[in-house]
Amino acid sequence: MLIATHDGSFHADETVACAILSYLYDHCEVIRSRDPKLLETADLIIDVSGRNDDKHFDHHSNEFNLSRPNGIHYATAGLMWLKFGRAYLERIAKEHFPESIRAEFSDEIFTAAQARIDQEIMYGVDLNDNGQLNSYLNDLIQPRTPQDQKIMDELNEFYRYTPDIPYLVAMQNLPNVTGDEQNAQFSTTVKVLKTLLINAAINALNTEQGIAKVLALYEGGPLLIMHEKLPWTQAVLSHFERFADCMLAIYPDRKRGWRIQTLPFSKAERFKNKLPAPKAWRGLDEAELDRVTGLHGTIFVHRAGFTGGAMEFDTILQMAQLWLRDGEHTK
């Protein structure tokens, strides 16, 4: 597979796009040029040419107006993910998951994993490349007063320097380098992004499979009880209203015993807790925590009160009931 893109300074959208394609296709090669004749020798031409069809993908053309339902315009990264994301994830599943796990990947899991990668990676890349980030947030939040606008402007200034993919890729364009050196930097950046994206895709599939399990087992009420380690926080944040009555999650600890943890207060305030542990428990462990709770076999409660542990399942259930009774509801 021969891919063509523009030369000169490189950006997150075409480097991410090349990272997608270089994993999906074996023996993938990228040429960088603005020579129309050289570009046309490629199988796919991305982010350059001013055309859009099955071979050319250039979101800079005057005719291009493809946007997501939420209003975020597509740039090259999002376009390649829209076109090739499902095939990419299917190859990830085949190469990185055993057949027994792969058999559990329904169409809904692939669709959700593709949407997760789009939201968590491609949104930011596309918004940045299209120069849409400020206007998109402005339309979303709609500041109504000068103070609102001042807060918006300060946030936009702050986010200019967050070490996200567009910023980090831009920093790989070193000053005063030759064309060959620039191409070498481009290739190195694509390889790094390829590794990052492969692992993100593995995690997305694993997360969506786990979310499906959490949703299947939660039947309502204040406790979410799991007998295997599952991505329950992602399930809660993705389906927040479904867990409106849920206060605490119980799950096996990776090292020993069982863990209990309060759910996040809201999607926006993930590190604010719905129901912190009783104050008298916080920062205690083992014998001292046993004495205060009246239980046997407790392990600890974090000093911030968001999580704790016990050795046996019966103990963690008793701990949960006391926590529900005596914990401090956040308002």
Side-chain angles (χ1 to χ4, degrees), residues 1-25 28-89 110-111 113-142 156 159-160 164-167 169-170 172-173 179 182-183 186-187 189-190 193-194 197:
M1 170 65 71
L2 183 61
I3 302 163
T5 189
H6 62 80
D7 57 10
S9 296
F10 53 86
H11 314 103
D13 69 325
E14 82 268 17
T15 51
V16 169
C18 288
I20 293 168
L21 296 169
S22 63
Y23 174 74
L24 189 57
Y25 292 101
C28 194
E29 182 183 350
V30 180
I31 57 174
R32 304 181 72 234
S33 176
R34 292 189 184 272
D35 180 348
K37 291 184 178 179
L38 182 57
L39 292 174
E40 288 301 320
T41 64
D43 299 297
L44 290 176
I45 304 168
I46 62 172
D47 210 44
V48 68
S49 79
R51 297 166 59 186
N52 284 281
D53 51 38
D54 290 339
K55 178 176 179 176
H56 305 80
F57 299 89
D58 188 5
H59 68 105
H60 302 99
S61 65
N62 292 332
E63 295 78 18
F64 185 85
N65 60 4
L66 187 62
S67 296
R68 298 167 174 87
N70 62 7
I72 297 177
H73 303 322
Y74 281 98
T76 309
L79 272 177
M80 292 298 97
W81 190 247
L82 177 67
K83 184 174 179 63
F84 298 107
R86 177 59 180 261
Y88 185 101
L89 289 168
F110 279 112
T111 298
Q114 185 172 355
R116 178 174 291 276
I117 293 290
D118 192 44
Q119 181 177 24
E120 295 183 351
I121 298 177
M122 306 306 165
Y123 279 15
V125 174
D126 287 5
L127 283 167
N128 185 280
D129 196 80
N130 284 318
Q132 192 192 0
L133 181 58
N134 290 14
S135 62
Y136 177 74
L137 289 177
N138 196 74
D139 291 343
L140 188 68
I141 298 171
Q142 297 181 356
N156 282 328
Y159 284 123
R160 283 178 60 199
D164 52 16
I165 289 175
Y167 179 86
V169 170
Q172 307 316 301
N173 288 276
Q182 185 81 331
N183 288 341
F186 173 88
S187 297
T189 303
V190 169
L193 291 172
K194 180 179 177 181
L197 191 58

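When a residue number appears, it is its place in the shown sequence, counting from 1.
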Tell me, which pairs form a side chain to side chain donor-acceptor pair (under 3.5 Å) where one or both residues lie in residues 2-11, sequence neighbours left out? H6-E14, H6-D47
Rounded to the nearest 0.5 Å, how far apart are CD of Q172 and CD of Q182? 10.5 Å
Near D139 CG, under 6.0 Å, is it more than 12 heavy atoms from other residues, nucleotides or ligands? yes
Pair D43-K55, side-chain contact (heavy atoms from CB on, under 4.5 Å): steps then yes or no: CA-CA 7 Å; D43 299 297; K55 178 176 179 176; over 6 Å; no
Short side-chain donor-acceptor distance under 3.5 Å, S61 and N52: yes
Could you go through D58 and H60, starting from their C-alpha distance and side-chain angles, then the distance that decides it, and tell me whether this counts as side chain to side chain donor-acceptor pair (under 3.5 Å)? CA-CA 5 Å; D58 188 5; H60 302 99; 2.7 Å; yes
Residues that F10 engages under ring pair (Phe, Tyr, Trp, His ring centres under 6.0 Å), provided they are two or more places apart: F186
Selection residues 67-85 - residue pairs positive for salt bridge (charged side-chain N to carboxylate O under 4.0 Å, His left out), sequence neighbours left out: R68-D118, R68-D126
Rounded distance [0.5 Å steps], CG in L197 versus CE in M122: 5.0 Å
For the backbone of G8 and the side chain of R32, can you confirm whether one donor and one acceptor N or O come within less than 3.5 Å of each other? yes
Under 3.5 Å, is there a donor on one side chain and an acceptor on the other for Y136 and N130? no
Which residue pairs pass the ring-ring contact (aromatic ring centres under 6.0 Å, His included) test when at least one of the two sits in residues 65-87, sequence neighbours left out? W81-Y88
Ignoring hydrogens, what is the shortest heavy-atom contact between A42 and I45? Give both atom names and the distance. CB-CG1, 4.3 Å
Could you measure the distance from the CZ atom of F57 to the CD1 atom of I46? Nearest 0.5 Å is fine. 9.5 Å
Got a list of side-chain donor-acceptor pairs under 3.5 Å for residues 18-25, not counting sequence neighbours?
unit_1: S22; atom_1: OG; unit_2: C18; atom_2: O; d: 2.9
unit_1: S22; atom_1: OG; unit_2: A19; atom_2: O; d: 3.2
unit_1: Y23; atom_1: OH; unit_2: E95; atom_2: OE1; d: 2.8

Does a side-chain heavy-atom distance below 4.5 Å link D13 with M80? no
For T41, which residues count as a side-chain contact (heavy atoms from CB on, under 4.5 Å) partner, sequence neighbours excluded? L2, I31, L38
Please evaluate residues L133 and N128 with respect to the criterion side-chain contact (heavy atoms from CB on, under 4.5 Å), reporting the C-alpha separation (whole Å), side-chain torsions for both, the decisive distance (0.1 Å), and the verdict. CA-CA 6 Å; L133 181 58; N128 185 280; 5.6 Å; no
Which value, rounded to the nearest 0.5 Å, describes the distance between N134 atom CG and N156 atom CG? 3.5 Å
